[in-house]
Amino acid sequence: LLREQLKILLLDKIYFELTNYLDNIEQNDKLALHIDTLQFIKIEHLYIPPDLYSDESTINCAKRELLSMCATISPREKLICIVNCCKVLVFLATKEEQGNYDTDLLPLLIYTIIKTNPPNLQFQLK
């Protein structure tokens, strides 16, 4: 009897966790598909000066920071990856004379996320 009760309790717990995990996978897939549909967006659509996003090595560094978020486990490390990405984008925005990081950072971050489309983004941010 105890064995049966323990089995039921464990299956209930596993079922709850598994259904949450499957829901997260479904939501991640929807978000990735939605971001994929936004790949047509160009830098001009977000009113970012085109020469701000011309330094490919710096842009790739920001993309790597976003992608490295998937390799980390703790929320603190994930936040550090996002902050590092933002630091790279602030550097990029302040590097150009016409760049203004307080108005260019958010569009740059949005554009970088769209072009990178990190896997499991919603799961990583939960």
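Note that these values count all heavy atoms, side chains included, but never hydrogens, waters or copies made by symmetry. One-based numbering along the sequence shown.
Taking the side-chain hydrogen bond (donor to acceptor under 3.5 Å, both in side chains) definition, one finds that T112 meets it with Y53, sequence neighbours left out. Residues forming a side-chain hydrogen bond (donor to acceptor under 3.5 Å, both in side chains) with T58 (at least two apart in sequence, or on another chain): D55. The side chain to side chain contact (heavy atoms under 4.5 Å, CB included) search around E44 returns K42, P50, not counting sequence neighbours. Taking the side chain to side chain contact (heavy atoms under 4.5 Å, CB included) definition, one finds that I110 meets it with L46, L106, I114, sequence neighbours left out.
Under the 4.5 Å side-chain contact rule for hydrophobic residues, F40 and I48 share a cluster. In this structure, L92 is a member of the same hydrophobic cluster as V90, with clusters built from ILVMFWY side-chain heavy atoms closer than 4.5 Å. Under the 4.5 Å side-chain heavy-atom criterion for ILVMFWY residues, a single connected hydrophobic cluster contains both L89 and I59.
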Between L66 and L121, is the side-chain contact (heavy atoms from CB on, under 4.5 Å) condition met? List the steps. CA-CA 9 Å; L66 280 179; L121 182 62; 6.0 Å; no
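Counting only residues at least two apart or on different chains, the side chain to side chain donor-acceptor pair (under 3.5 Å) pairs with a member in residues 28-37 are D36-N117. Residue pairs meeting the salt bridge (Lys or Arg N to Asp or Glu O under 4.0 Å) criterion with at least one partner in residues 61-71, sequence neighbours excluded, do not occur; the list is empty.
Closest approach of C70 to P119, counting heavy atoms only: SG-O, 3.3 Å. Nearest heavy atom pair, residue I43 against residue Y111, reads N-CE1, 3.6 Å. What you find for A62 and C85 is that their closest heavy atoms are O-SG, 3.6 Å. For L109 against C86, the heavy-atom pair with the smallest separation is CD2-SG, 4.1 Å.
Side chain of K115 to backbone of I41: a donor-acceptor contact under 3.5 angstrom is found. Side chain of T72 to backbone of M69: a donor-acceptor contact under 3.5 angstrom is found.
More than 12 non-hydrogen atoms from other residues, nucleotides or ligands lie less than 6.0 angstrom from CG of L6.
Looking only at side-chain heavy atoms (C-beta outward), I35 and L31 come within less than 4.5 Å of each other.
In this structure, the separation between CD1 on I82 and NZ on K78 is 9.0 Å, given to the nearest 0.5 Å.
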